[in-house]
Amino acid sequence: ERAYKLVDDMDQTTIHLTLNGYLIHKDSDEGRRQSIRSSTEAGSFLEEAPVEASAEETEEPETKDEEPTEEAEGEREQEAEAAEEAEAAEAEAAEAEEPPPPKQSEKKLANQFNFIERGSATYHYPLREKGLQTDPAPFETFSENVNQWCIYDAYMEELERIEKAKEKEKAKPVVVKKEETHAGRKLSYVEPPHSDSLSKVAKAAKITERMVNLNTFDDIAQDFKYFEDASDEFRGQEGTLLPLWKFQSEKTKKLAVTAISWNPKYNDLFAVGYGSYDFMKQGHGMLLVYTLKNPSFPEYSFSSESGIMCLDFHSEHSHLLAVGFYDGNVAIYNLKKASSQPIYKSSAKSGKHAEPVWQVKWQKDDMDNNSNFFSVSSDGRIVSWTLVKNELVHMDVIKLSADGTTMQGPEGLQLQMLGSGTSFDFHKKIDYLFLVGTEEGKIYKCSKSYSNQFLDVFEAHHMAVDSVSWNPFHLKVFISCSSDWTVKIWDHTIKTPMFVYDLSTAVGDVAWSPYSSTVFAAVTIDGQAHVFDLNINKFEPLCTQLVVTRKKNKTTHIQFNPVHPIIVVGDERGLITSLKLSPNLRKKPR
């Protein structure tokens, strides 16, 4: 109860032993007699004793009215005896004629067991109540609604303010504060430019923005984490895709999604490349890096003069991002550096491709621990790029030649036609082995060791091979898709496909799942996503679902998240849709 409580006094004394003492009160009769006896023996009182005795005799009859008791008689006898003894003592003293002894000081008879006299009892202070009161601190109720528009407006105002500050700084001459002459040199101290106030709170602002977004899209976040489609139990083997977040930026509405790559270290982070597949409508490109934690605004944003066609995250250094452009250049962006420009970029001098780069893929570091990646282009070259100090060093690995396609040149010369590569993929275990898909529909099995010869040629498709990819679990199996409406699954030791699926329209992209060797997904240009599981049904997809609803909008790319059961699909209008796989679509084989 947070208060002092009064406790009744408790008797703490316990008597263990009682002894009758021999001490007598000096004012009692017995005490007086003993004192008289001791004084007469000492010879100090010569005459006072009989006087006292007679006084006592006179006092006693007064106090004890009439009836003399036996006690009184006894006392009288004792007193008479005392008087006789005193007289005898006088006579002896007279005979001796010695001087009387000095008067002794009277001793106080103390009670040795009365502790109260010694001041040993503890004094109990009475309880007092004490109270304080302070003035309450002044406070004010403040409330404000925050939504994405408020945050956006605040960002825009801040950007305008920064631009104005930059213009003012340009107008001002640089202030040279102090000049010193030191050994013939001039040392000048330049005043540091005005630091950006937004950068100080950038991290806090990012966290707040994520929290606001999490509140805004709370139902989607709950679905992503906890929703499992219970209706799968009644569908038999079929499954569904549940739409989650949509990622779109104002700057990329007129650009197509040309590449998607998940970050290997941060499972919620993925990069999207924007460009155009239309030869007539080429313009600028964009590279945006989104996170699932903030669907409304990209974490990183880079702009490029040419459209981006492909990209790939480094498997170990997850901040490095290799990018291929429509103009044939390749570049590397470092997400750790706050720069809008790539840290490495090829040029016409350093062996850039003559035509669009359709795919880039990182490889293991070479013998000198230099990072390196490969690129494939329509010009028929497959090039290895190595990051050496401050430059990209290129080396042609292989040149694709189209067999039997020679062209009549001037003066009867036979010109060799180069095959144009559109996609490639490296084997997961055998480092030197890789596949290349071409515009003619062939798939070449190549080795890094042989630059002029192919290990094998598969007559795969009738049109361009849009994607080719090794199975992450089964080392012999790979998958390919093409604009000739088909998806084919191959064993690289057999010339003919093991499975052929006709999806009745051009297939844009195909991807293996990271959790099962038998599950893959494909997107077609009519806006549909198809998910297959060969373990359950070898003939038909378990799920065919419309992903983009607008007409004349084609889906271009699909990727599985490496950890979470979701896929992301990109289309030609710059929209990224994330979808959750229902339980029937993510069964793991035994």
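For reference, positions follow the sequence shown, starting with 1. Just the heavy atoms: all of them, side chains too, but no hydrogens, waters or symmetry mates, feed the values below.
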Would a distance-only check, ignoring hydrogens and angles, find a side-chain to backbone donor-acceptor pair under 3.5 Å from [X] to [Y]?
{"X": "Thr505", "Y": "Ile525", "value": "no"}
{"X": "Ser517", "Y": "His474", "value": "no"}
{"X": "Lys246", "Y": "Pro295", "value": "no"}

So [Y] and [X], do their side chains get closer than 4.5 Å, heavy atoms only?
{"X": "Glu355", "Y": "Arg381", "result": "no"}
{"X": "Ser469", "Y": "Val510", "result": "no"}
{"X": "Val360", "Y": "Trp385", "result": "no"}
{"X": "Phe499", "Y": "Val487", "result": "no"}
{"X": "Leu392", "Y": "Leu387", "result": "yes"}
{"X": "Val519", "Y": "Val531", "result": "yes"}

Does one side chain, of [X] or [Y], offer a donor that lies under 3.5 Å from an acceptor on the other?
{"X": "His461", "Y": "Thr486", "result": "yes"}
{"X": "His394", "Y": "Ser346", "result": "no"}
{"X": "Ser296", "Y": "Asn294", "result": "yes"}
{"X": "Ser423", "Y": "Trp358", "result": "no"}

Between Arg573 and Asp571, is the closest basic N to carboxylate O distance under 4.0 Å? no

> Got a salt bridge between Lys293 and Glu299, using NZ or NE/NH1/NH2 to carboxylate O under 4.0 Å?
Replying inline: no

Under 6.0 Å from the [atom1] atom of [X], do we count more than 12 heavy atoms belonging to anything else shown?
{"X": "Met211", "atom1": "CE", "answer": "no"}
{"X": "Lys445", "atom1": "NZ", "answer": "yes"}
{"X": "Lys254", "atom1": "NZ", "answer": "no"}
{"X": "Lys361", "atom1": "NZ", "answer": "yes"}

Across all chains, not counting sequence neighbours, the side-chain hydrogen bond (donor to acceptor under 3.5 Å, both in side chains) partners of Glu439 are Ser420

Applying side-chain hydrogen bond (donor to acceptor under 3.5 Å, both in side chains) to Thr240 and not counting sequence neighbours gives Asp229

Here the pair of heavy atoms bringing Ile489 nearest to Leu534 is CD1-CD1, 3.6 Å

Between Tyr290 and Gln248 the two heavy atoms that sit nearest each other are OH-C, 3.5 Å

Side-chain atoms of residues 311-327: list all donor-acceptor pairs with protein atoms under 3.5 Å, sequence neighbours left out, distances to 0.1 Å.
residue : atom : partner : partner atom : Å
Asp312  : OD2  : Trp362  : N            : 3.0
His314  : ND1  : Glu316  : N            : 3.0
His314  : ND1  : His317  : N            : 3.2
Asp327  : OD1  : Asn329  : N            : 3.1
Asp327  : OD2  : Asn329  : ND2          : 3.4

CG of Leu435 to CH2 of Trp470, rounded to nearest 0.5 Å, is 4.5 Å

Check your understanding: In terms of ring plane angle, is the pair Phe458 and Phe478 parallel, tilted or perpendicular, where the classes change at 30° and 60°?
Key -> perpendicular

- Is the gap between the ring centers of Phe374 and Phe426 under 6.0 Å? yes

